[in-house]
Structures are given as C-alpha cells and as structure tokens.
Amino acid sequence: MPELPEVEVIRQELAPLLAGRRFTAVDARLKKMVLTPLGRFRRAVVGSRITAVRRRAKLLLLDLSSGWTVAVHLKMTGQLVWVPERGTLRGGGHPFHGALDGLPNRYSHIVFTVTGGQLIFNDLRQFGFLKLVRSDALERWFAEQKIGPEPLERFPFATFNERLKRRPRSRVKPTLLDQRFVAGLGNIYADEALFEARVRPTRLVRTLTVSERRALWQAIPAVLRRSLRHRGTTFRHFRRPDGQPGAMLRLLRVYGREGQPCRRCGTPIQKTRLAQRGTHACPNCQR
DNA sequence: AAGAAGTCCTGGGCGC
DNA sequence: TGCGCCCAGGACTTCT
C-alpha cells in the first residue's frame with residue numbers, strides 16, 4: 001500500500017536520520033525477505049556508510065560507501081522504522097494492527113544495527129523484499145524491469161500521450177497501475193487521479209479525448225503532490241520512520257469512501273471490481 | 001496483446 | 001465464543 005508519496009515521505013524523513021551513519025550488523029530473521037545471498041548481502045552492508053537515501057518508483061534506495069545499493073520494496077505492509085538508541089517511537093494513536101508494538105517484534109524481519117540506532121524492516125504480510133544491486137548497475141536494473149517515468153519529475157504531456165497510444169485497447173485504470181506505464185501509482189492514487197480527471201476507471205484508452213488525457217496527465221502529479229504535503233495516506237499499515245501516520249486519509253476523494261457523498265456532486269461513491277482491484281468512483285461526475 | 005487468475009502472506013471483519 | 005470464509009492488493013507468473 002505504500003505508493004509513491006508514502007515511499008517518498010519515508011525517503012525524506014529517513015535521509016537526515018541515516019546520512020553518514022554506518023551499518024554495524026544485520027540480523028536477517030526471515031531470510032526469504034533478502035533476495036541476495038545472505039553472506040554477500042552482509043559483506044556489502046556491514047561496515048559501510050550510508051551515502052544517500054533515494055527513491056525510484058516505489059523502491060527505496062540506500063546507497064552505501066561500498067559501491068552497493070540496498071533496494072527496499074515495501075509492497076503492501078512493509079515499514080522502515082528508525083529506532084534511535086535513546087528516544088521513543090510515537091504511534092500517533094491511529095488504529096493499527098500492532099506491528100509497531102515493542103520493536104523489534106514478530107513482524108521485524110530484518111534488523112539493521114546502525115551507529116546511533118536500529119533500522120527495522122517490518123512486514124506483516126512478508127511480501128516486501130530487500131535486494132543488493134551494484135550502485136552503478138541500478139539504471140540497467142530499472143531498464144530491465146521497464147519501470148516507467150517518474151510522474152514528479154520531467155513528465156511531458158507528449159510522452160504521456162505517446163505511451164497511451166501504445167495501449168489503445170487497455171482500460172485506463174489498469175494502465176495507470178502498470179509500473180511500466182508510469183512509476184509509483186497504486187490503487188489509492190489511481191482512483192484519486194481518475195476522479196480528479198473525471199474519467200471512469202473502465203474507459204478504454206483509445207476513447208479518451210485529448211482534454212481527458214490532459215486532465216489525467218495533470219491529475220497524476222497533482223494527486224501525488226497533495227498526498228506528499230500531508231505526509232501520505234495511513235489506511236492501515238503505513239508509518240513514517242518515526243512511527244507516525246500520514247494525514248492524507250481523510251482528504252481522499254474516492255478511495256475508501258464507498259456509499260459516502262461525492263465531494264463534488266453528492267452522489268454516493270460506488271465501489272466496483274476492476275482487474276481484481278477494489279475501484280472507487282463517482283458514477284455521476286466520472287464519465 | 002490484453003486480461004483473468006493464481007501466487008506470496010496475515011489479520012480484520014463478517015455470517016452463522 | 002469460535003469457526004470458516006472473504007477481503008485487502010504490489011508485482012510477478014501462467015494461462016486463455
């Protein structure tokens with residue numbers, strides 16, 4: 001469930017906490033979470049300094065002084081929590097399934113000891129992963145996966161429209177969710193962007209008018225930036241590195257609002273299933 | 001080539 | 001009170 005804004009919030013908040021610190025130990029309690037052979041992983045990480053904390057798509061990237069980068073994918077329930085040697089975690093009093101109680105706990109699958117604290121990878125559903133990639137081979141790795149353009153960086157309409165033209169027969173929402181089409185959207189912000197652009201999620205790409213394409217192209221970064229300002233959406237599991245939730249949930253316009261009045265026209269928001277995903281839309285203002 | 005379905009996994013919420 | 005079932009969905013794989 002962490003999508004681009006949530007991963008970016010983690011990056012922004014983790015970067016000053018980790019910059020220049022050194023890994024002194026790695027405790028891989030659940031080995032399958034590390035996609036790299038553990039001996040190699042440990043040799044690259046332990047003793048290395050963290051030189052940068054970056055993000056590409058939904059991947060968080062920890063650049064190390066050893067020339068390696070630890071790529072972290074949180075998938076749906078992953079969390080990266082910073083526990084300082086002295087200090088406390090604030091849960092924020094949000095409804096939560098206990099995954100931050102008493103860290104490290106049964107969901108803490110990887111525990112990094114860092115000078116000054118611990119960096120803990122929690123993941124209730126164990127879908128997330130860590131992978132070691134040579135820093136100078138990262139771009140090649142992204143290219144192999146065909147990860148699409150970053151919507152908050154250079155993202156010209158012409159490129160967006162060209163990409164739409166390549167998949168005329170696809171429905172628009174599955175297209176937005178495809179990381180090869182555009183990087184970083186997940187179920188929440190795909191629904192939010194379609195609402196913002198007043199486009200039905202089931203529309204075939206080839207039927208979108210130029211003004212609808214433009215509206216969608218504008219809506220994507222607008223929705224992501226708005227979430228970023230509010231430090232992301234905490235639906236269940238998303239936590240910032242200090243354990244606090246994001247504040248975007250109550251500002252969402254369609255996601256999670258089935259039956260509630262559309263904020264534009266008052267029509268009850270409908271929830272349907274599209275490509276095996278819960279899909280929220282206003283049946284009146286999305287055409 | 002697109003789309004449906006299966007896969008990983010746990011806990012919450014529901015009906016009975 | 002408790003059991004069985006479905007749902008949540010990121011991204012990959014397999015089948016149609």
Side-chain angles (χ1 to χ4, degrees), chain A residues 1-8 10 29-35 55-61 71-80 94-102 105-110 121-131 133 141-148 151 163-194 201-208 224 227 232-239 245 249 252 254-259 270-281:
Chain A
M1 232 184 236
E3 305 179 26
L4 187 153
E6 289 76 27
V7 180
E8 179 61 20
I10 293 173
R29 303 173 173 203
L30 188 58
K31 301 198 184 342
K32 69 165 182 183
M33 310 295 287
V34 185
L35 302 186
R55 179 192 59 75
R56 173 78 169 99
K58 298 174 194 169
L59 286 165
L60 193 86
L61 306 167
V72 184
H73 201 307
L74 302 171
K75 290 287 181 93
M76 272 133 49
T77 58
Q79 305 167 323
L80 272 176
H94 234 254
F96 192 57
H97 308 306
L100 280 191
D101 297 342
N105 60 27
R106 56 188 291 221
Y107 307 113
S108 304
H109 304 312
I110 313 290
F121 180 63
N122 276 353
D123 191 357
L124 181 143
R125 286 171 71 181
Q126 306 175 15
F127 287 179
F129 64 80
L130 282 77
K131 184 180 165 75
V133 184
W141 185 48
F142 300 146
E144 277 164 19
Q145 297 175 82
K146 301 186 172 155
I147 298 179
R163 290 177 158 258
L164 284 175
K165 284 178 181 168
R166 280 186 230 159
R167 42 210 312 164
R169 278 170 267 276
S170 302
R171 292 179 195 271
V172 63
K173 177 171 171 185
T175 298
L176 296 184
L177 288 175
D178 188 340
Q179 300 301 297
R180 293 168 299 186
F181 176 76
V182 60
L185 291 179
N187 210 34
I188 296 174
Y189 301 111
D191 282 1
E192 293 295 309
L194 286 162
T202 50
R203 286 279 295 282
L204 296 186
V205 166
R206 65 168 169 206
T207 71
L208 297 176
L224 297 176
S227 176
T233 301
T234 296
F235 204 75
R236 288 197 174 83
H237 298 96
F238 170 63
R239 295 281 135 167
L249 179 67
L252 295 178
V254 285
Y255 187 88
R257 298 193 66 245
E258 182 184 16
Q270 265 181 11
K271 183 174 179 184
T272 54
R273 271 193 101 67
L274 174 57
Q276 288 79 245
R277 302 298 161 93
T279 296
H280 311 73

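Computed from a predicted structure; not experimentally measured. All chains are named by letter (A, B, ...) in the order of the sequence lines, taking the proteins before the strands, and each is independently numbered beginning at 1. Side chains included, hydrogens not; waters and symmetry mates left out as well; all remaining heavy atoms used.
Between A:Q126 and A:P174, the one whose closest nucleotide on DNA chain B sits nearer the 5' end is A:P174. Mapping A:R125 and A:Q145 onto DNA chain C by nearest heavy atom places A:R125 at the nucleotide closer to the 5' end.
Between the NE2 atom in A:H73 and the CG atom in A:L130 there is a gap of 11.5 Å [rounded to 0.5 Å]. To the nearest 0.5 Å, atoms CG (A:L124) and NZ (A:K75) are separated by 15.0 Å.
For the P atoms, the distance from C:dC6 to B:dG6 is 12 Å, rounded to whole Å. C:dA11 and B:dA1 have their P atoms separated by 23 Å, with the value rounded to a whole Å.
Separating the CZ atom of A:R166 from the P atom of B:dA1 is a distance of 13 Å, rounded to the nearest angstrom. Look at CG on A:L177: it is 13 Å from P on C:dC12, rounded to the nearest Å. Distance A:M33 CE to B:dT10 P: 11 Å, rounded to the nearest Å. Look at CD on A:E144: it is 16 Å from C1' on C:dA11, rounded to the nearest Å. Summarising the geometry, the separation between CD1 on A:I147 and P on C:dC12 is reported as 8 Å, rounded to the nearest angstrom. We find that CG of A:L35 is positioned 14 Å from P of C:dA11, with the value rounded to whole Å. Protein atom NZ of A:K271 is 16 Å distant from nucleotide atom P of C:dC6, rounded to whole Å. One interatomic measurement links the two molecules: CZ of A:R273 to P of C:dC7, which rounds to 6 Å at whole-angstrom precision.
Both stacking criteria are satisfied for A:F127 over the base of C:dG10: a centre-to-centre distance under 5.5 angstrom and an angle between ring planes under 30 degrees.
Looking at heavy-atom distances under 4.0 Å, A:G278 makes contact with sugar-phosphate atoms alone, never a base. Among the protein residues, A:R169 comes within range of the sugar-phosphate backbone only, with heavy atoms under 4.0 Å from sugar or phosphate atoms but none that close to a base. Contacts of A:Q179 with the nucleic acid, taken as non-hydrogen atoms under 4.0 Å apart, involve only primed sugar atoms and P, OP1 or OP2. When heavy atoms are screened at a 4.0 angstrom cut-off, A:R180 is found touching no nucleic acid atom at all. Across all strands shown, A:F129 has no heavy atoms under 4.0 Å from either base or sugar-phosphate atoms.
For A:L124, counting side-chain heavy atoms from C-beta on, the closest listed nucleotide (B:dT10, C:dG10, B:dA5) is B:dT10. Closest to the side chain of A:K32, out of B:dG11, B:dC8, C:dG10, is B:dC8. Closest to the side chain of A:Y107, out of C:dG10, B:dG11, B:dA4, is B:dG11. Out of B:dA4, C:dG10, B:dG11, the shortest distance to the side chain of A:N187 is found at C:dG10.
The shortest distance between the side-chain N/O atoms of A:S170 and the OP1/OP2 oxygens of B:dA1 is not below 4.0 Å. Distances shown here put every side-chain N or O of A:R171 at or beyond 4.0 Å from the OP1 or OP2 atom of B:dA4. The phosphate of C:dA11 has OP1 or OP2 within less than 4.0 Å of a side-chain N or O from A:H73. Taking side-chain N and O atoms only, A:R277 has a distance below 4.0 Å to OP1 or OP2 of C:dG10. Contact annotation: A:K146 side-chain N/O to C:dA11 OP1/OP2 distance is not under 4.0 Å. A close approach under 4.0 Å does not occur between any side-chain nitrogen or oxygen of A:K75 and OP1 or OP2 of B:dC9.
Counting only heavy atoms from C-beta outward, the side chains of A:R125 and A:H237 never approach each other to under 4.5 Å.
Scored by the side chain to side chain contact (heavy atoms under 4.5 Å, CB included) test, A:K131 finds A:L35, A:T36, A:F129, A:V133, A:W141 as partners (sequence neighbours excluded).
Neither side chain, A:T175 nor A:D178, offers a donor N or O lying under 3.5 Å from an acceptor on the other.
Ring centroids of A:H280 and A:Y255 are separated by less than 6.0 Å, placing the two rings close together.
Between A:P2 and A:V7 the shortest heavy-atom distance is CB-CG2, 4.1 Å.
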